[in-house]
Amino acid sequence: MAARQPPPTTAPRQTSDFDAVIVGAGFAGLYMLYRLRGLGMSVRVFEAGGGIGGTWYWNRYPGARCDVESMDYSYSFSDELQQEWHWTERYAAQPEILRYIEHVADRFDLHRDVTLETRVTAAHFDEAVNQWNIMTNRGGRVSARFCVMATGCLSTPRVPVFPGLEEFTGSWYQTGRWPHTDVDFTGQHVAVIGTGSSAIQSIPIIARQAASLVVFQRTPNFSVPARNRPLDPAYERRVKASYAEFRRQARESRVGFVVPANEQSALAVPPEERRRAYESRWQRGGLGFAAAFSDLLTHAKANATAAEFFRTKIRATVRDAAVAEALVPTDYPLGTKRICVDTGYYDTFNRDNVTLVDVRNDPIAAITARGVRTQAIEYACDSIVFATGFDAMTGALLTIDIRGRAGRTLRQSWADGPRTYLGIAIAGFPNLFTITGPGSPSVLSNMIVSIEQHVDWIVACLAHLRARNLDAIEATANAEETWVAHVNEVANATLYPLAKSWYTGANIPGKPRIFMPYVGGVGAYRKKCNEVAARNYEGFHLTG
Ligand code: FAD
Ligand code: NAP
């Protein structure tokens, strides 16, 4: 198929309201703002929420916490910042992360360029003058040479679609849109729907508060203990003494933080040695389990040994054998859905006030005035918590009416699934950048490492354009085609596509099934991006 190349641009220069508009004020949008200011650009950030912080502004459910260690999950761009900030725990909780983001915004005076409570509804590229016209839900309209979508991969929660919700006489909550006032379940009968990471973090806490808790599980997840604890001061001192080297290693790693990796196959060692390796990771706690052997995510038999280790742990923890069996994942390889990180999750099912309802064979049919009804039984409750996930990676982008060359919409371009060049740019959409877009390592990594890498790359690219008096950059269709093929090829060499996960869009009815993130690893991806830049932005058309 002949690839369409963008026509050379001879558009007259026109003054835009801003050099750049950024959509979203989470970690990505705020760092983008900081760096673009450094280039001397005029910038406006639009944020739908009533505050900055993105994920950590919206997800205030009980137990919301990072699953990447706090010394890793933080900005690296300012040594003063990383030296002065003190994390209190191994894994930071949501309020502390939000305080950190507010601290960063104050320290670097970012608030003044952020417009809150303003949702971008449309972004249309005007080919005649090479600029984006951006419309908001408040009737605003601004123009900008560049538009950066920092809209987040997990920022569009799935709206509960159960029939009858409007009849429910109790209160209901969504983990991804948690109220900003205290929610107290004391003495209540509570239902939680879902058993993903958000549910697994909140269930143990809700169970301790509520009179009773019913957990509706459709697919069991693999969860590893967090072993959270106060941050060890000696560890903090050690990291701070060589933070630059610590960050360098993270940037070059596979997932954006360093875990001891074992280059052996799980099948190359005797069963007892394998068990010891798994046990030591289990005792260490947190992510990094998948690095216990080199082939856990590429070899089904190797993976099965790790999955069986988890099952043994679940059976050993949960006293009721039938409940334990229901909690045991069996129908997808370990790690092909994001491994959850918990504090006391499985043990919660030993409590007298907690009931597990397996809805695989008896799905939730409706919400009634009194509670949740499966096809067979009605469960009365005072409150329902929907922990039902997100329209991940593409949801926030496709909610905006984005139109590129010749008025072609992003929805049209992505009708068969998202297509990008490097997860950063899209053919037919000049001067538009996506931070941690589909086709980048994004959600498979420590996202702050990926965010900083993307932002730094985009800033270098804009500086390059300016130095050459250019005003437009666009991915070529050829480069996009080649990148998409590479992303698919790498994913298909792993076990990831075997799970019905949000990585593949399988959690959203009708969403095209494509493995969206890039599995090639953060370090390798960074190299590739740097090579593209060094070759005068190979795969892009630069014009002006
Ligand atoms: P976000 O934080 O999602 O920010 C995007 C912002 O854009 C949002 O505030 C949103 O309101 C705004 N926005 C979207 N569309 C529009 C629009 N049209 N107009 C205006 N504003 C808009 N990652 C990790 O690496 N480690 C973790 O431990 C981890 N834990 C997580 C826990 C939870 C509960 C969730 C949901 C995600 C977690 N993540 C984690 C992923 C997390 O999303 C990223 O780490 C990071 O916070 C993403 O930052 P961001 O700025 O790219 O996106
Ligand atoms: P999720 O992993 O997509 O989980 C959603 C849950 O809702 C699943 O158990 C799903 O079941 C269930 N569900 C959806 N529709 C249902 C229905 N109709 N009936 C019954 N169950 C239904 O979403 P999440 O828990 O919000 O996590 C999303 C991602 O955010 C994570 O993978 C992670 O990347 C990030 N996150 C991280 C942390 C952390 O530890 N730091 C915490 C929260 C979130 P099925 O599996 O059967 O579809």
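Hydrogens, waters and symmetry mates play no part in the numbers below; they use all other heavy atoms, side chains included. Note that ligands are numbered from 1 as they come in the structure, with each ligand's atoms numbered from 1 the same way.
Closest protein heavy atom to atom 19 (N) of ligand 1: Val120 N, 2.8 Å. The shortest contact between atom 34 (C) of ligand 1 and any protein heavy atom is with Tyr61 OH, 3.5 Å. The protein atom (non-hydrogen) at minimum distance from atom 45 (P) of ligand 2 is Thr219 OG1, 3.4 Å. Counting only heavy atoms of the protein, atom 36 (N) of ligand 2 lies nearest to Ser197 CB, 3.8 Å. Protein heavy atom closest to atom 23 (O) of ligand 2, with residue, atom name and distance, is Gly389 CA, 3.2 Å. The nearest protein atom to atom 33 (C) of ligand 2, hydrogens excluded, is given as Arg338 CD, 3.4 Å; this is a heavy-atom distance. The nearest protein atom to atom 32 (O) of ligand 2, hydrogens excluded, is given as Trp502 NE1, 3.0 Å; this is a heavy-atom distance. Protein heavy atom nearest atom 46 (O) of ligand 2, with residue, atom name and distance: Lys337 NZ, 3.0 Å. Among all protein heavy atoms, the one lying closest to atom 4 (O) of ligand 2 is Gly196 CA, 3.5 Å.
Residue Gly152 has at least one heavy-atom neighbour below 4.0 Å for each of these atoms of ligand 1: 1 (P), 3 (O), 5 (C), 52 (O), 53 (O).
Taking only nitrogen or oxygen atoms, main chain and side chain alike, Asn507 does not reach within less than 3.5 Å of ligand 2. Looking at ligand 1, you won't find any N or O of Asn59 less than 3.5 Å from one of its N or O atoms. In terms of polar-atom proximity, Ser155 is not counted as a contact of ligand 1, lacking any N or O under 3.5 Å from an N or O of the ligand. Some N or O of Ala28 is nearer than 3.5 Å to an N or O of ligand 1, by distance alone. Ligand 1 has a nitrogen or oxygen under 3.5 angstrom from a nitrogen or oxygen of Glu47. By the 3.5 Å distance cut-off applied to N or O atoms, Arg65 is not counted among the residues near ligand 1. Residue contacts with ligand 1: Met447 is placed with a nitrogen or oxygen under 3.5 Å of a nitrogen or oxygen of the ligand (distance criterion only).
Counting only heavy atoms from C-beta outward, the side chains of Arg526 and Asp456 never approach each other to under 4.5 Å. Within the 4.5 Å cutoff, no side-chain heavy atoms of Trp85 are placed close to those of Tyr75. Side-chain atoms of Phe125 and Phe429, non-hydrogen and from C-beta on, never get closer than 4.5 Å to each other.
Within the 4.0 Å heavy-atom cutoff, Phe216 does not count among the residues contacting ligand 2. The closest approach between a heavy atom of Thr195 and any atom of ligand 2 is below 4.0 Å. Residue Ile435 places every heavy atom at 4.0 Å or more from ligand 1. Note on ligand 2: Arg158 sits in its first shell, one or more heavy atoms being nearer than 4.0 Å. The closest approach between a heavy atom of Ser445 and any atom of ligand 1 is below 4.0 Å. Residue contacts with ligand 1: Ala150 is included, with a non-hydrogen atom under 4.0 Å away. Residue Phe386 places every heavy atom at 4.0 Å or more from ligand 2. The closest approach between any non-hydrogen atom of Thr121 and ligand 1 is not below 4.0 Å. Residue contacts with ligand 2: Leu154 is included, with a non-hydrogen atom under 4.0 Å away. Contact annotation: Tyr61 has at least one heavy atom less than 4.0 Å from an atom of ligand 2.
Neither the backbone nor the side chain of Tyr31 comes within 4.0 Å of ligand 1, counting heavy atoms alone. At a 4.0 Å heavy-atom cut-off, ligand 2 does not touch Ala392 at all. Residue-level proximity to ligand 1 for Ile400 is carried by the side chain, the only part with a heavy atom below 4.0 angstrom. Proximity of Gln217 to ligand 2, defined as any heavy-atom pair under 4.0 Å, is not found for any part of the residue. In Ala387, the part holding a heavy atom less than 4.0 Å from any atom of ligand 2 is the backbone. Neither the backbone nor the side chain of Tyr332 comes within 4.0 Å of ligand 2, counting heavy atoms alone. Contacts of Arg65 with ligand 2, taken as heavy-atom pairs under 4.0 Å, involve the backbone alone.
Ring-plane geometry between Phe515 and Tyr496 is classed as tilted, the angle between the planes lying from 30 to 60 degrees on a 0 to 90 degree scale. Using bins of under 30°, 30° to 60° and over 60° for the plane-to-plane angle, the ring pair Phe310/Phe222 lands in the perpendicular bin.
Ion pair Asp113/Arg37 flagged as a salt bridge, since at least one NZ, NE, NH1 or NH2 atom sits closer than 4.0 Å to an Asp/Glu carboxylate oxygen.
Checking Thr55, Ile52, Ile451 against atom 42 (C) of ligand 1, the nearest heavy atom belongs to Thr55. Residue nearest to atom 22 (C) of ligand 2, selected from Arg218, Met447, Gln94, Gln201: Arg218 (by heavy-atom distance). When Gly286, Gly54, Gly63, Gly395 are checked for heavy-atom proximity to atom 4 (O) of ligand 1, Gly54 turns out nearest. Taking each of Gly194, Cys153, Ser198 in turn, the one with a heavy atom nearest to atom 44 (C) of ligand 2 proves to be Ser198. The heavy atom nearest to atom 24 (C) of ligand 1, considering only Tyr91, Phe46, Tyr73, is found in Tyr73.
Residues that satisfy the salt bridge (Lys or Arg N to Asp or Glu O under 4.0 Å) test with Arg254, not counting sequence neighbours, are absent from this structure. Qualifying salt bridge (Lys or Arg N to Asp or Glu O under 4.0 Å) partners for Asp109, counting only residues two or more places apart in sequence or in other chains: Arg112.
When all heavy atoms of Thr195 and Phe216 are compared, the pair lying nearest together is CG2-O, 4.3 Å. Here the closest heavy-atom approach between residue Ala150 and residue Ile435 is recorded as CB-CD1, 4.0 Å.
A cation-pi arrangement is absent between Lys313 and Tyr346 under the rule of less than 6.0 angstrom and at most 45 degrees off the ring axis.
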Audit row: Glu89, Ser70, side chain to side chain contact (heavy atoms under 4.5 Å, CB included) steps and yes/no:
CA-CA 7 Å; Glu89 293 178 273; Ser70 34; 5.6 Å; no

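Annotation for Arg251: atom CZ counts as buried by contact number, over 12 foreign heavy atoms lying within 6.0 Å.
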